[in-house]
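Reading through the structure tokens given below for one structure.
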Protein chains: 2
Amino acid sequence: MKQPEIAPDETPKRKRLSSTARRQDFINQAIEFFAEEGFESSTRGLAKKLGVTQPLLYRYFPSKDDLISEVYDAVYVNRWQPEWEPLLRDRTRPLADRLNTFYNVYTDVIFNREWMRIYLFSGLKGVDINRRYMQLVRQRILEPILIEARVELGLPDVPAKDCEVEFAWIMHGGIFYYGIRDLIYDSAISTDKKRVIEDAIAAFMAGLKIKLKREGQG
Amino acid sequence: MKQPEIAPDETPKRKRLSSTARRQDFINQAIEFFAEEGFESSTRGLAKKLGVTQPLLYRYFPSKDDLISEVYDAVYVNRWQPEWEPLLRDRTRPLADRLNTFYNVYTDVIFNREWMRIYLFSGLKGVDINRRYMQLVRQRILEPILIEARVELGLPDVPAKDCEVEFAWIMHGGIFYYGIRDLIYDSAISTDKKRVIEDAIAAFMAGLKIKLKREGQG
DNA sequence: TTTCTTATTTATCGAATGACAAATTAATTT
DNA sequence: AAATTAATTTGTCATTCGATAAATAAGAAA
């Protein structure tokens with residue numbers, strides 16, 4: 001099939017974007033690209049996806065690693081919502097309700113192929129941003145939850161013990177791993193996220209109640 | 001510094017191993033190597049670790065991918081212990097006891113850096129052996145557990161519902177994610193694995209009891 | 001229009017990669 | 001000891017990689 005010579009304007013002109021717009025576009029598409037192909041994938045492959053030549057990337061980022069750092073920031077830092085934290089501390093609602101709301105909105109953000117794969121790839125690379133992210137989860141999510149639980153059970157308002165944090169991690173990790181099964185392995189059975197979260201939280205609350213009261217006695 | 005000419009025997013002679021021994025050694029060290037460096041790492045890097053030249057690898061494996069397949073088999077297939085399954089079905093013991101024993105011995109096998117990293121790397125590559133492994137866990141571990149739970153609670157012995165399997169996955173995933181935090185992210189708090197497992201199982205059993213009885217009524 | 005700036009491409013470099021062929025050397029067989 | 005077999009190394013090739021320098025072209029300023 002010959003290309004009909006109708007439109008002489010069809011010659012692909014170079015698009016020129018403003019520096020900042022182009023840069024942001026590069027980062028956004030780099031997230032998709034590296035999430036799918038891994039960080040070891042080539043800058044040429046990324047350039048192809050972007051529809052530009054490979055050296056152009058180096059006009060915007062000094063090196064591949066610098067670009068990757070920006071990808072981390074865009075995924076880990078920018079998508080964290082500060083309103084999650086007060087939500088968990090809203091004592092006008094039962095804690096179980098708050099937890100359900102939180103984990104539904106939280107997983108709305110992180111349960112997508114991009115986020116999950118970037119998280120796993122960067123974790124395997126040993127980048128310290130992952131460790132910092134887990135500290136964030138611990139301090140801003142899990143420890144507040146444990147304090148709220150004590151308060152709701154009428155127990156003294158003391159900081160959470162390590163083994164309690166570990167217990168909260170089990171619930172959090174269980175929910176997280178559901179996302180991995182769904183988005184990385186395509187192996188989730190139920191697609192009813194809300195229901196899965198509900199059951200996970202119910203078990204956590206039941207288990208925590210027993211655990212805290214037993215500790216209170218011993 | 002000159003090398004002192006004391007020992008003329010010191011000249012590094014080539015070691016010659018039997019074909020099968022060499023092959024097995026290659027696979028074992030390839031597990032370590034790829035677990036640490038990722039499957040994208042070079043065959044030259046592996047050869048250096050092995051103390052041989054890179055082309056020798058091609059005497060034993062037709063291609064890099066073939067070697068990687070053998071690594072999968074060695075990790076996923078060979079380390080699975082068939083005795084785990086009857087252990088879960090031993091009705092002379094309370095189910096909670098059986099679960100504790102099982103998860104302690106199971107995690108003795110999979111909670112090591114090699115296993116965990118190979119699992120995550122291959123999962124991200126989308127190799128189907130991961131999906132098959134998860135099916136194995138579901139059919140040989142989780143579904144049997146759910147049947148045993150029904151029996152112990154005096155409920156009718158019917159196959160597990162999807163949402164029950166999902167609930168069992170939450171516990172399993174919670175324990176699994178504890179391993180990831182410990183071995184991949186160095187972020188586990190408690191190193192008392194036994195205790196963490198105990199709490200996870202207690203919450204699961206408490207939650208399941210409620211869940212099954214409620215289902216039995218509705 | 002002409003000049004100037006800068007976004008983008010072309011061309012290329014040196015290093016690293018998977019893979020193969022041929023030469024070498026150790027062990028086994030005769 | 002000589003001959004044969006097989007394990008291992010040396011040498012190399014074609015690609016691909018991240019990165020840089022120089023050339024080109026689009027848009028803004030004059």
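In what follows, every chain begins at residue 1, and chains take the letters A, B, ... in the order their sequences are listed.
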Please produce a list of atom pairs where a protein N or O lies less than 3.5 Å from an N or O of nucleotides 17-19 of chain C.
residue: C:dT17; atom: OP1; partner: B:Ser42; partner atom: OG; Å: 3.4
residue: C:dG18; atom: OP1; partner: B:Lys64; partner atom: NZ; Å: 2.7
residue: C:dG18; atom: OP2; partner: B:Thr43; partner atom: N; Å: 2.9
residue: C:dG18; atom: OP2; partner: B:Thr43; partner atom: OG1; Å: 2.9
residue: C:dG18; atom: N7; partner: B:Arg44; partner atom: NH1; Å: 2.8
residue: C:dG18; atom: O6; partner: B:Arg44; partner atom: NH2; Å: 3.0
residue: C:dA19; atom: OP2; partner: B:Tyr58; partner atom: OH; Å: 2.4
residue: C:dA19; atom: OP2; partner: B:Lys64; partner atom: N; Å: 3.0
residue: C:dA19; atom: N7; partner: B:Gln54; partner atom: NE2; Å: 3.0
residue: C:dA19; atom: N6; partner: B:Arg44; partner atom: NH2; Å: 3.2
residue: C:dA19; atom: N6; partner: B:Gln54; partner atom: OE1; Å: 3.2

Atom [atom1] of [X] to atom [atom2] of [N]: distance rounded to whole Å?
| X | N | atom1 | atom2 | answer |
| --- | --- | --- | --- | --- |
| B:Arg59 | C:dA22 | CZ | P | 13 Å |
| A:Leu50 | C:dT9 | CG | C1' | 15 Å |
| A:Phe34 | D:dC17 | CZ | P | 12 Å |
| A:Arg23 | C:dA7 | CZ | P | 12 Å |
| A:Phe61 | D:dG18 | CZ | P | 15 Å |
| B:Leu46 | C:dA16 | CG | P | 17 Å |
| A:Leu67 | D:dA19 | CG | P | 10 Å |
| A:Leu57 | D:dT20 | CG | P | 13 Å |

Ring pair (Phe, Tyr, Trp, His ring centres under 6.0 Å) partner of A:Phe176, chosen from B:Phe176, B:Tyr177, B:Tyr178: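 That would be B:Tyr177; it is the only one of B:Phe176, B:Tyr177, B:Tyr178 passing the ring pair (Phe, Tyr, Trp, His ring centres under 6.0 Å) with A:Phe176.
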Residue list, side chain to side chain contact (heavy atoms under 4.5 Å, CB included) with [X], at least two apart or on another chain:
| X | result |
| --- | --- |
| A:Glu40 | B:Glu40 |
| B:Asp182 | B:Ala188 |
| A:Asp186 | B:Arg131 |

Inter- and intrachain pairs under salt bridge (Lys or Arg N to Asp or Glu O under 4.0 Å), touching residues 106-130 of chain A, at least two apart: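 Qualifying pairs, neighbours excluded: A:Glu36-A:Arg113, A:Arg79-A:Glu114, A:Asp108-A:Lys193, A:Asp128-A:Arg132.
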Out of C:dT9, C:dT8, D:dT8, whichever nucleotide has its closest atom nearest the side chain of A:Arg22: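 Nearest nucleotide to the side chain: C:dT8.
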Under 4.0 angstrom between A:Tyr60 side-chain N/O and C:dT8 OP1 or OP2: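 For C:dT8, OP1 or OP2 has a side-chain N or O of A:Tyr60 closer than 4.0 Å.
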Residues forming a salt bridge (Lys or Arg N to Asp or Glu O under 4.0 Å) with A:Arg138, sequence neighbours excluded: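 Salt bridge (Lys or Arg N to Asp or Glu O under 4.0 Å) check on A:Arg138 returns A:Glu143, A:Asp162.
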